[in-house]
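In what follows, every heavy atom counts, from backbone to side chain, and hydrogens, waters and symmetry copies are set aside.
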Amino acid sequence: MKLTEKKWLQEMGIILLLAAISMLVLYPMLSAFSTRLPFATHGDVRLSLSILFSNLDKISRGQFSQIYHLPIVFPTSFTMTAGVNLFGQTLLLAPLYLLGNRNIYLWYNLLTLFAYVAAGYAAYLFIREFSGRRWIAVIAAALYMLLPSRVHNIPQFNLLFSFPTPLAFLCLHRYFGRERRRDLLFLSLAVLLQFLFDLSLGLFLVIALAVFFVVCLCLQPRRKRSFYLGLAAAGAVTLLVIAVVFSPYLDKDISFSDISDEVQTIDRNAFQSSLSFYSNWNYPLLFLKSILWNTNPYYPGFAAAALFLLAFWPALAGRGQKIVFALVSFFLLAPALVFILLSRSVASAALERLADAVFACFLAGFILLLVLLAPRLSAPHKTLAWTWLILLFSSSRISLAVGNLFSWLSHVLPVLLRSRGIRTQYIILLFFYAVAAVGFRQLWERKRPGHIMLALLALLLLAERVRWPIGMERVEDDRPGYSEFYERTDSLPPHLGLLELPFHKEIFNYYTYYTRYHRHHTYHGHILYLLDPLHLEKAPGWDKTSGFAALSDPAAVAVLRDNGIGAIMLFRDKISGDLPQDRQNWRATLNTIEHGQALGLYTKVDQSGAGIVLFISGRQTGRRIDRFLPYFALAGSGLRFTLQSTETVNVSVYFNDRQALVLTLPAGGKREIRLSSNDLALTKGQNMLRVGSDQDITFDDLSVEK
């Protein structure tokens, strides 16, 4: 067998081993891989499914420019910039989608398993670079793969895909050591991939790479000019590609990067608290006593922390260094146990202040220790430790006493202002476990512990990682009949919005229907910070207790029509329940719809067991016609509509207050009007078509033409 074949088989074996270890957390998936998915009732899972379906549909149709217009909030365009994009996850699923597979459970479970194993294998490659031992790197990578916070991120699918981050650090470190062009190429690919999987993780990766680069440069300062030129060229090309892909995110006029005028700095709650640094939730060392903290669990575990400290033990020389080391060890290990014991007897505010003081002592002591041990530590070892320390400090709230680093950076990258957290924990713990792997190697080489000792240590390491098994569920919106129900909206033109009733005021991320069963841009009230622009929730007649009285009000329906809504869906199971009042609401709704149809408000009423679809009449008569048109439907397109009058009239057509056409319409005449894309003063925000005349005219058959 060739050496390359042997190495390939070894790597495949490691991947399979990591996949097996991931089952310590993911084992519930095995019995329901294609029928259940983790945390299916979580709103972010529904959002992820909506984004994936929208992306896949548009890619399969070659509509790449439409991918930024996630159709969850009509009439807004560029809604993808309000949150995550899942571009990378979309590319992974594209082969399944193109082959006709629509099993969302299979999709989600495959991606979850891939994200776990990929994170573990990427961490293995990075840690092996510093530990030098394959099996030690596997153990450290397994710990990194099984982080409790990773389970927490399964619903946040964007954050789960962090595996390009270790690869990026690995390639940059190798470039420092060998200055090979292929390392730059792989570095660029890793950074680009991380941006495609999640924009926020990509941004924080770039920041962390800059810190890593500066630390490496300080420790290895002598570099040729070609080193900097190659790195600058690779960086420029990578940033250019990222800027092209994410250009809508950089345009303040169309992106949601600055969704509120009040957002001027990154909130302190986006930074990690000192208490969360010591939080590990359920400790085996507490004899299986379950204690839950209201903080994210970022403590790496006692066994891993001990190995982390052990990496510095051989470099100690003299009483002073040993005293500092003892203090650092105390402030790293003891608080994680003491704070749990105090969590039920000490007020949370006091506990936070105590954690801040202890954490500050740990950081100060660790800085002093690194300075004292600098002559005796290797350059790679110091690179890991200093990078970890700088990122840990700058990501924690304790750093705000010095200055808000990330708010300063937001002046260059305004999208950081929308960060719901400082996304550096996977990076910080990656470096922590790399240092711990160095300590494990030193333990092995100096003490040669027996097999029993090693087995106990391995069990302790894994036990401190495995305590939050996932729960498998069915998607709440996965009901029979809904796919056929949405098919009834297929005739709705793409420039018209779909209003779904009743509104879900308490369920913000109620998205799975949208894009899974149809592609129409949908108006459904309040979704987090994307408010109800037509104020329908507060307007009378739009609630089920009134039988949706607004549906028979010509003025209320005209508001929908003029603002681009072309159809209304009413879900029966959300209006008609088991209570007598619910059944009465449904009967009242049917009466309202019948009355509205008699008034000519709807061209068609389509009813099924799942509910009713009302198609709003687009015909309008008057001296002034105003119609909203969304940017996502108009980009590069023209308009067509018909005008009719019983008398000779002069007509002016305006688009965004700019005159596009003037004509005279003869008495009794009907004329088809076409406006090319060159005639439209298109804006990326709100667009309005206006037709004015000196006598009543009839406006009808509005459509968008390519």
Side-chain angles (χ1 to χ4, degrees), residues 47-48 50-72 76-95 97-98 111 114-115 118 156-165 167-168 171-172 184-210 231-259 409-410 412-420 423 515 631-632 635-636 684-685:
L47 175 58
S48 295
S50 177
I51 294 171
L52 288 171
F53 267 97
S54 178
N55 291 350
L56 288 165
D57 176 73
K58 289 164 183 173
I59 287 177
S60 66
R61 295 170 180 271
Q63 300 173 345
F64 298 105
S65 62
Q66 287 286 320
I67 201 168
Y68 303 102
H69 309 305
L70 182 63
I72 62 172
T76 310
S77 301
F78 295 101
T79 45
M80 182 71 81
T81 63
V84 300
N85 52 71
L86 302 184
F87 291 158
Q89 292 86 340
T90 300
L91 294 176
L92 291 177
L93 285 178
Y97 186 86
L98 295 175
L111 288 179
F114 174 82
Q156 288 86 35
F157 225 29
N158 51 314
L159 302 181
L160 190 62
F161 280 75
S162 62
F163 71 88
T165 289
L167 300 178
C171 293
L172 181 56
L184 281 180
L185 174 62
F186 290 134
L187 170 62
S188 298
L189 289 175
V191 172
L192 178 59
L193 272 178
Q194 190 61 84
F195 270 90
L196 292 177
F197 285 118
D198 182 66
L199 176 61
S200 64
L201 289 182
L203 289 170
F204 288 111
L205 170 59
V206 170
I207 295 170
L209 282 172
L231 192 60
V237 172
T238 306
L239 292 178
L240 179 61
V241 174
I242 292 171
V244 170
V245 174
F246 294 95
S247 56
Y249 293 78
L250 306 177
D251 189 337
K252 284 190 174 183
D253 294 333
I254 60 174
S255 77
F256 288 82
S257 297
D258 190 7
I259 59 175
L409 292 172
S410 69
V412 180
L413 300 169
V415 73
L416 283 175
L417 289 174
R418 287 205 58 255
S419 174
R420 296 172 63 186
R423 313 292 194 189
T515 73
Y631 173 82
F632 62 78
K684 293 184 178 180

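- Using a 4.5 Å heavy-atom threshold, the side chains of Met80 and Asn55 count as touching.
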Pair Leu193-Phe197, side chain to side chain contact (heavy atoms under 4.5 Å, CB included): steps then yes or no: CA-CA 6 Å; Leu193 272 178; Phe197 285 118; 4.0 Å; yes
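- A distance of 12.5 Å separates CZ in Arg423 from OG1 in Thr165, rounded to the nearest 0.5 Å.
- Within the 3.5 Å criterion, the main-chain N or O of Gln66 finds a donor-acceptor partner in the side chain of Lys58.
- Note that CG of Leu185 is 9.0 Å distant from SG of Cys171, once rounded to the nearest 0.5 Å.
- Ring-centre distance between Phe114 and Phe163: below the 6.0 Å cut-off.
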Residues Leu159, Ser200; criterion side chain to side chain contact (heavy atoms under 4.5 Å, CB included); working and verdict: CA-CA 9 Å; Leu159 302 181; Ser200 64; 4.1 Å; yes
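- Without hydrogens or angle criteria, Thr90 side chain to Leu86 main chain gives a donor-acceptor distance under 3.5 Å.
- Two residues are said to be in side-chain contact when any heavy atoms from C-beta on lie closer than 4.5 Å; Ser60 and Leu98 meet this criterion.
- Legend: residues meeting side chain to side chain contact (heavy atoms under 4.5 Å, CB included) with Ala190, ordered by chain and number and at least two apart, are Leu167, Ala168.
- What you find for Gln89 and Leu196 is that their closest heavy atoms are OE1-O, 4.1 Å.
- Looking at Gln194, its side chain does come within 3.5 Å of a backbone N or O of Phe161 through a donor-acceptor pair.
- Residues Asn85 and Tyr249 have side chains in contact (heavy-atom distance under 4.5 Å, counting atoms from C-beta outward).
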Full working for side chain to side chain contact (heavy atoms under 4.5 Å, CB included) between Ile72 and Ser50: CA-CA 8 Å; Ile72 62 172; Ser50 177; 3.5 Å; yes
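- Taking the side chain as every heavy atom from C-beta outward, Leu111 and Leu92 approach each other to under 4.5 Å.
- Once rounded to the nearest 0.5 Å, the distance linking CG of Leu172 with CG of Leu231 reads 6.5 Å.
- In this structure, Leu201 and Pro164 have side chains that are not in contact, with every pair of non-hydrogen atoms separated by 4.5 Å or more.
- Within the 4.5 Å cutoff, side-chain heavy atoms of Leu160 are placed close to those of Phe157.
- For Tyr97, the ring-ring contact (aromatic ring centres under 6.0 Å, His included) criterion is met by no residue, not counting sequence neighbours.
- Aromatic ring pairs are classed by plane angle as parallel below 30°, tilted from 30° to 60° and perpendicular above 60°; the pair Phe246 and Phe195 is tilted.
- Contact check for Val237 versus Ser188: no side-chain heavy atoms found under the 4.5 Å cut-off.
- The line from CG of Asn158 to CD1 of Ile51 is 7.5 Å long, rounded to the nearest 0.5 Å.
- Closest non-hydrogen pair, Val244 versus Tyr68, comes out as O-OH, 4.2 Å.
- Take Phe204 and apply the ring-ring contact (aromatic ring centres under 6.0 Å, His included) test, not counting sequence neighbours, and it matches Phe406.
- Panel note: side chain His69, backbone Phe78; a donor-acceptor pair is recorded below 3.5 Å.
- Atom CG in Leu56 sits 9.0 Å away from atom CG in Leu91 (nearest 0.5 Å).
- Expressed to the nearest 0.5 Å, how far CZ of Phe53 lies from CG of Leu70 amounts to 13.0 Å.
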